[in-house]
Amino acid sequence: MKKKIALIIALLLFIAGYYYITLPALNIHSPQMWGYIIGLCVILVIISILFTIKNRFNSFTKNNVKLKDLTANNIILKVSLGVTLLVILVYIVGSFLSSPVINANKYKELINIADGDFNSDIEQISYNEIPLLDKSSAQIIGGRKMGTMVEYVSQFEVADDYTQINYNGKPVRVTPLEYGSLLKWFTNKSEGIPAYILIDMATQDAQCIKLKEGIKYSKSEHFGRLIYRHLRFNYPTYIFDDINMEIDEEGIPYWICPVKDYTIGLFGGETISNVVIVNAITGECTDYDVSEVPQWVDHVYAADLLISYYDYYGTLKHGYFNSVLSQKDCLQTTDGYNYIAIDDDVWVYTGVTSVGGDESNVGFVLMNQRTAQTKYYQIPGAEEYSAMSSAEGKVQNLGYNATFPLLLNISGEPTYFMSLKDSAGLVKMYAMVNIQKYTVVATANSVAECESNYKELLVNNNIEISSDENVSGANTITGVIDKMAQAVIEGNSHYYIVLKGKDEIFDINVSEMLDIVRYNVGDIITIKYIENEKANLVTEIN
């Protein structure tokens, strides 16, 4: 009897420990929960088999095993094996009944798609709003910034999150520090993680934002402070999607934790029902309905989830079997996506092409990561990777690689914008490619120069462009030159001037505006420029 009690206690402790480590949601719709149950059943079968073998061996060698013990072991083995097979069967049947095979129409209706107007929906933005870095480039910059922080570098590392958000109207990537090891967690856990990294995607500047009170709940914590365990013990039935760290308008770090719901059968029709927002410093949790999430939150719907919605919509128009056989009228998203900021929200951009896999797009979609609002734009043109190849071909002697394009409105023309990176992953140049005529490719060392070259190419190729004077946020000012200074930046001569009575510094690339050499201190000059934090970029002088 004591052995049986001890065995039961050991089994219960194992089940509790297994749960503590795997943290499945106690929810019938959770695939992880079913995996947890199947895992326990398999372990029970193995234990039953081992005891049966042991008792049978003893019955042959020592002849001291009672018949009822052998019978009991056989019953336990049969029951545990039967339960395991039953659970696996229910899981397989439930997965099939939840699949697009028999629910094609329901999957197709997971999103509502509206037709968008490109010029009204996607305004021409200023250069300080264009994200020039992709995630891999941001990781390089963040790693270098971490190397300069001597007070942290021996104890902490930079996490690989680098979530792209809008922060005070600017595109940035934010990522927390994390403990370097378990030992370093023990020595620093009382103070918590002291800072996070903030990278401006437009200026490429990285900041270490030091906190008055450290982050106590994160992905690198242990025990009850591990963010996943903290969420699970507060919300045992919630099925959480991928979580991301964001900051509010005051720079306070929060974990944004979308909660999944399944609307088709057991495991199908994944959507987001609500969002738990966790203060990363205090651990305080607030549960919001998905329609009531604060405006500053950007990541509610994961990009991959939104893209899957459109793929269902585009491929299941005429049923599941059409999507795999004749594929009539089937459309799908292209292999890749990027982000664009509109009205303080982050929208996922991706192209739409035919399932046949040609090298052109029939249009593109924008999907709001906070609301799941989706807009389709019927603008046929080059597929993104074709445009990337065109840009790389323009600088093939330098061996630069193009990032996945960002969609911009340049003088009313849908335009792919991409950064060109060297072998070390650093941004060296920029490229603009016309979506509808991807042989129109402009490259330059600065965004302002790239746009100027691109618009010149549009005119030369008889493409009508907008005459809006405020293209890309350009401003005009007239004044008297108070100071002038010359410098060489990356092999190019620049003049920096200050106008009388003004604090701003204006940066003029001599190779683009050679007439600047005719001006002297005291002369009157009219400048068209783009606002920039360090020095305003001049695009035209008179």
Side-chain angles (χ1 to χ4, degrees), residues 20-23 32 133-165 167 171-201 204-235 240-248 250-258 275-285 296-299 302-304 346 425:
Y20 187 81
I21 294 171
T22 58
L23 299 172
Q32 190 180 10
L133 301 172
D134 60 4
K135 183 176 181 178
S136 61
S137 297
Q139 288 173 328
I140 294 173
I141 293 175
R144 290 184 175 181
K145 183 64 178 180
M146 185 66 191
T148 66
M149 298 184 293
V150 293
E151 70 271 38
Y152 299 146
V153 73
S154 65
Q155 299 297 309
F156 300 93
E157 299 173 354
V158 184
D160 290 330
D161 295 19
Y162 290 93
T163 307
Q164 182 168 330
I165 62 173
Y167 177 58
V172 303
R173 285 191 182 267
V174 60
T175 189
L177 303 186
E178 61 183 14
Y179 299 101
S181 66
L182 179 61
L183 178 61
K184 293 172 182 178
W185 174 76
F186 274 111
T187 57
N188 292 282
K189 65 184 179 68
S190 58
E191 291 81 19
I193 297 172
Y196 59 83
I197 300 293
L198 182 72
I199 299 177
D200 190 312
M201 301 289 284
Q204 306 183 44
D205 291 332
Q207 301 178 58
C208 175
I209 307 299
K210 299 180 181 180
L211 300 166
K212 293 181 180 178
E213 187 177 350
I215 294 172
K216 302 293 198 311
Y217 297 85
S218 72
K219 297 177 182 179
S220 65
E221 290 286 347
H222 297 275
F223 306 110
R225 281 177 23 183
L226 177 69
I227 184 60
Y228 301 110
R229 193 165 289 124
H230 181 66
L231 286 168
R232 176 57 61 233
F233 290 158
N234 278 278
Y235 303 94
F240 289 101
D241 200 0
D242 293 336
I243 66 174
N244 295 282
M245 197 191 87
E246 297 190 28
I247 54 177
D248 65 7
E250 285 73 45
I252 299 172
Y254 289 88
W255 291 103
I256 310 304
C257 314
V275 179
V276 175
I277 299 179
V278 183
N279 187 307
I281 297 172
T282 66
E284 180 184 359
C285 301
W296 61 266
V297 174
D298 290 316
H299 287 260
D304 290 337
V346 174

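Side chains are part of it too, since the values below use all heavy atoms of this structure and drop only hydrogens, waters and symmetry mates. Starting from 1, each residue takes its place in the sequence as its number.
Across all non-hydrogen atoms, the minimal contact from W296 to I247 is CE3-O, 3.6 Å. Shortest non-hydrogen contact noted between P176 and Y196 is CA-CB, 3.8 Å. Of all the heavy atoms in I193 and E178, the pair that sits closest is CD1-CA, 4.1 Å. When all heavy atoms are compared, the tightest approach of Q164 to R173 is OE1-NH2, 3.2 Å. Scanning both residues, V172 and D200, for their nearest heavy atoms gives CG1-CA, 4.1 Å. Across F156 and P194, no two heavy atoms sit closer than the pair CZ-CD, 3.5 Å.
Distance check: I252 CD1 to I215 CD1 gives 11.5 Å after rounding to the nearest 0.5 Å. The CG atom of N244 sits 14.5 Å away from atom OH of Y162, with the distance rounded to the nearest 0.5 Å. If you take CE on M201 and CD1 on I165, they are separated by 11.0 Å, rounding to the nearest 0.5 Å. Summarising the geometry, atom CD belonging to E157 is positioned 10.0 Å from atom CG belonging to L177; distances are rounded to the nearest 0.5 Å.
In this structure the side chain of K210 reaches within 4.5 angstrom of the side chain of Y152, judged on heavy atoms. Inter-residue side-chain proximity for L198 and Y167 is flagged as met; some heavy-atom pair is nearer than 4.5 Å. The side-chain heavy atoms of I197 and C208, taken from C-beta on, include a pair separated by under 4.5 Å. Looking at M245 and I227, their side chains never come closer than 4.5 Å, going by heavy atoms from C-beta outward. I243 is listed as a side-chain neighbour of Y228, based on a closest heavy-atom distance under 4.5 Å. Counting heavy atoms from C-beta outward, H230 and E221 have side chains that stay 4.5 Å or more apart. I277 has its side chain within reach of I256: a pair of non-hydrogen atoms, C-beta onward, lies under 4.5 Å apart.
Between H222 and W185, the ring planes lie perpendicular to each other; the angle is over 60°, past the 30° to 60° tilted range. Aromatic ring orientation, Y20 versus F233: tilted (interplanar angle from 30° to 60°).
Judged purely by atom type and a 3.5 angstrom limit, T175 uses its side chain to pair as donor or acceptor with the backbone of A159. Looking only at distances, a side-chain donor or acceptor of K184 sits under 3.5 Å from a matching main-chain atom of S154. A donor-acceptor contact shorter than 3.5 Å links the side chain of E246 to the backbone of H299.
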Could you check C257 against Y235 for side chain to side chain contact (heavy atoms under 4.5 Å, CB included), going step by step and ending with a plain yes or no? CA-CA 11 Å; C257 314; Y235 303 94; over 6 Å; no
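Ring-centre distance between F240 and W255: not below the 6.0 Å cut-off.
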Name the atoms and distances for all side-chain donor-acceptor pairs under 3.5 Å in residues 135-147, with sequence neighbours left out.
| residue | atom | partner | partner atom | Å |
| --- | --- | --- | --- | --- |
| K135 | NZ | D160 | O | 3.3 |
| K135 | NZ | D161 | O | 3.4 |
| S136 | OG | D134 | OD1 | 3.2 |
| S136 | OG | D134 | OD2 | 3.4 |
| S136 | OG | K421 | NZ | 2.8 |
| S137 | OG | D134 | OD1 | 3.0 |
| S137 | OG | K421 | NZ | 3.4 |
| S137 | OG | G425 | O | 3.2 |

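Every residue meeting the side-chain hydrogen bond (donor to acceptor under 3.5 Å, both in side chains) condition with S220, not counting sequence neighbours, appears here in chain and number order: S218.
Residue E284 qualifies as open at atom CD: its count of foreign heavy atoms under 6.0 Å is 12 or below.
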